[in-house]
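For reference, the structure discussed in these notes is given below.
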Amino acid sequence: MTRANERAERRVAWRVHALVALVVGVLVVALFLVVDRRSSAPVADAPSPSLSGRPVVAFVGDSYSAGSEASSPDKRWTTVLSAERGWNEINVAVPGMGYDVGRPTQHYASQVARAAASKPGTVIISGGWNDVAHGVPTATIVEGLRETLAAVKKHAPEARVVVIAPIGPASSPPPELVRLRDAAAPVVRSSGATWLELDFPLTGHPEWISPDGLHPNDAGYKRLAELTNARLK
């Protein structure tokens with residue numbers, strides 16, 4: 001073979017290698033673009049846990065409903081009850097407030113107005129002890145109850161209304177609290193709301209009271225949730 005032929009063969013071989021390298025390079029680039037497009041394509045979000053399909057229930061009340069002295073928010077009776085019933089809990093309760101105590105921005109009628117933004121299917125109202133403890137006359141407390149019921153009709157007219165009788169302390173309930181219970185029941189029933197009587201459930205049970213001597217402990221809140229769940233139809 002002459003040198004001229006050898007040079008010619010080398011040129012052909014080089015061209016073949018160059019062509020093969022080019023083809024391989026193009027294939028690699030194409031494969032990279034395909035993979036890159038797949039990896040950068042929008043990925044559907046995984047479904048996140050949501051309460052959107054559950055009934056919305058709003059709780060209006062005082063420190064008992066707010067869960068004061070509970071070891072954590074999930075131990076308060078409203079949250080325990082909501083978990084048991086599969087509710088989406090909206091808790092607007094404010095410690096120290098009542099049907100009259102807390103006017104004009106924190107009493108129960110005001111709480112109802114705030115809760116209505118969540119469009120609750122049910123509004124549960126619990127309290128009255130703070131009004132009695134502050135010496136508010138029974139007639140005035142009952143007027144506050146009527147105002148609260150009217151607020152529900154105004155702001156959440158489709159909602160079911162449940163009013164829980166005043167719970168009271170672990171000691172024997174004072175006569176004023178008993179009078180409030182007896183006066184409130186017919187007002188609630190005549191309005192079309194549900195009256196829920198728990199029969200002063202903490203009375204005589206100091207083991208359900210926290211060290212502050214006033215609020216339920218976790219066991220007390222659990223008991224309130226159990227009673228409410230059992231008596232709520």
Side-chain angles (χ1 to χ4, degrees), residues 49 51 54-102 105-118 120-134 144-145 148 152 156 159-171 173 177 180-181 194 196-232:
L51 298 178
R54 298 183 180 184
V56 177
V57 178
F59 292 88
V60 170
D62 52 23
S63 57
Y64 276 30
S65 293
S68 295
E69 297 301 313
S71 61
S72 64
D74 65 337
K75 298 296 185 181
R76 59 190 179 184
W77 72 266
T78 60
T79 306
V80 174
L81 177 65
S82 296
E84 181 68 23
R85 292 217 163 203
W87 291 342
N88 183 351
E89 175 192 5
I90 305 298
N91 193 316
V92 296
V94 180
M97 300 300 103
Y99 290 105
D100 186 75
V101 174
T105 60
Q106 301 293 343
H107 67 314
Y108 293 172
S110 298
Q111 292 179 30
V112 166
R114 290 195 297 276
S118 63
T122 301
V123 177
I124 298 180
I125 305 164
S126 176
W129 168 240
N130 285 322
D131 296 295
V132 170
H134 281 77
L145 169 61
T148 303
V152 178
R160 177 193 182 190
V161 185
V162 177
V163 180
I164 297 177
I167 294 174
S171 58
L177 197 62
L180 174 59
R181 179 198 61 184
T194 298
L196 201 65
E197 177 60 70
L198 302 185
D199 303 318
F200 300 116
L202 300 179
T203 299
H205 292 281
E207 72 277 11
W208 291 342
I209 302 299
S210 66
D212 74 353
L214 178 62
H215 298 95
N217 54 24
D218 288 353
Y221 282 122
K222 181 180 180 181
R223 181 57 179 160
L224 293 179
E226 291 172 345
L227 284 173
T228 304
N229 192 34
R231 300 187 185 188
L232 187 61

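The first residue of the sequence shown is numbered 1, and numbering continues consecutively from there. Since this is a predicted model, take the numbers as computed values, not measurements.
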| Are the side chain of Ser118 and the backbone N or O of Ile90 linked by a donor-acceptor pair below 3.5 Å? | no
| query | Does Asn229 reach the main-chain N or O of Glu84 with its side chain, forming a donor-acceptor pair under 3.5 Å? | reply | no
| field | 4.5 Å side-chain heavy-atom contact, Ile164 and Tyr64 | value | no
| query | Side chains of Ser126 and Ile167: does their closest heavy-atom pair fall under 4.5 Å? | reply | yes
| Charged N to carboxylate O under 4.0 angstrom, Asp199 versus Arg231? | yes
| query | Got a second to check how far Asn217's CG is from Lys222's NZ, nearest 0.5 Å? | reply | 11.5 Å
| Shortest non-hydrogen contact between Ala58 and Ala115, atoms and distance | CB-CB, 3.7 Å
| note | Between Ala70 and Lys75, the two heavy atoms sitting closest are CB-CB, 4.2 Å
| remark: Tightest non-hydrogen contact, residues Leu232 and Arg160, listed as CD1-NH2, 3.9 Å
| Rounded to the nearest 0.5 Å, how far does OG1 of Thr228 lie from CZ of Arg223? | 10.0 Å
| said: If I take atom CG from residue Leu196 and atom CG from residue Leu198, how far apart are they, to the nearest 0.5 angstrom? | reply: 5.0 Å
| field | Residue pair His107, Met97: steps toward the side-chain contact (heavy atoms from CB on, under 4.5 Å) verdict | value | CA-CA 6 Å; His107 67 314; Met97 300 300 103; 5.6 Å; no
| task | Of all the heavy-atom pairs spanning Asp131 and Val101, show the shortest one and how long it is. | result | OD1-N, 2.9 Å
| message | Tell me whether Asn88 contacts the main-chain N or O of Pro55 through its side chain, where contact means a donor paired with an acceptor under 3.5 Å. | response | no
| query | Yes or no on side-chain contact (heavy atoms from CB on, under 4.5 Å) for Leu180 and Val132, after CA distance, side-chain angles and deciding distance? | reply | CA-CA 8 Å; Leu180 174 59; Val132 170; 4.0 Å; yes
| query | Do Tyr99 and Thr148 come close enough that some side-chain heavy atom pair is under 4.5 Å? | reply | yes
| task | Please assess Leu177 against Phe200 for the test side-chain contact (heavy atoms from CB on, under 4.5 Å), listing each intermediate value before the final yes or no. | result | CA-CA 10 Å; Leu177 197 62; Phe200 300 116; 3.7 Å; yes
| note | Heavy-atom closest pair (Thr122 atom, Ala159 atom, distance to 0.1 Å) is N-CB, 4.3 Å
| Donor-acceptor under 3.5 Å (Thr203 side chain, Pro173 main chain) | no
| field | CA sep, side-chain torsions, deciding dist, call: Asp74, Thr79, side chain to side chain donor-acceptor pair (under 3.5 Å) | value | CA-CA 5 Å; Asp74 65 337; Thr79 306; over 6 Å; no
| query | Does the side chain of Arg76 reach to within under 4.5 Å of the side chain of Asn91, using non-hydrogen atoms? | reply | yes
| field | Nearest-0.5 Å distance, OG1 of residue Thr78 to CD1 of residue Ile124 | value | 9.0 Å
| task | First locate atom CD1 of Ile125, then atom CG of Asp62, and finally report the distance between them rounded to the nearest 0.5 Å. | result | 12.0 Å
| task | Report yes if the side chains of Thr194 and Val163 come closer than 4.5 Å at any heavy-atom pair, otherwise no. | result | no
| Hey, does Trp77 have a side-chain heavy atom less than 4.5 Å from the side chain of Pro216? | no
| query | Is Trp208 reaching over with its side chain to a backbone N or O of Leu224, donor-acceptor style, under 3.5 angstrom? | reply | no
| task | State, to 0.1 Å, how close Pro201 and His205 come at their nearest heavy-atom pair, and which atoms those are. | result | O-CD2, 3.7 Å
| query | So do Val94 and Gln111 actually touch side chain to side chain, heavy atoms under 4.5 Å? | reply | yes
| field | Approximate separation, where rounding is to 0.5 Å, of Asp212 CG and Ser68 OG | value | 8.5 Å
| task | Answer whether the closest heavy-atom distance between the side chains of Trp87 and Leu81 falls below 4.5 Å. | result | yes
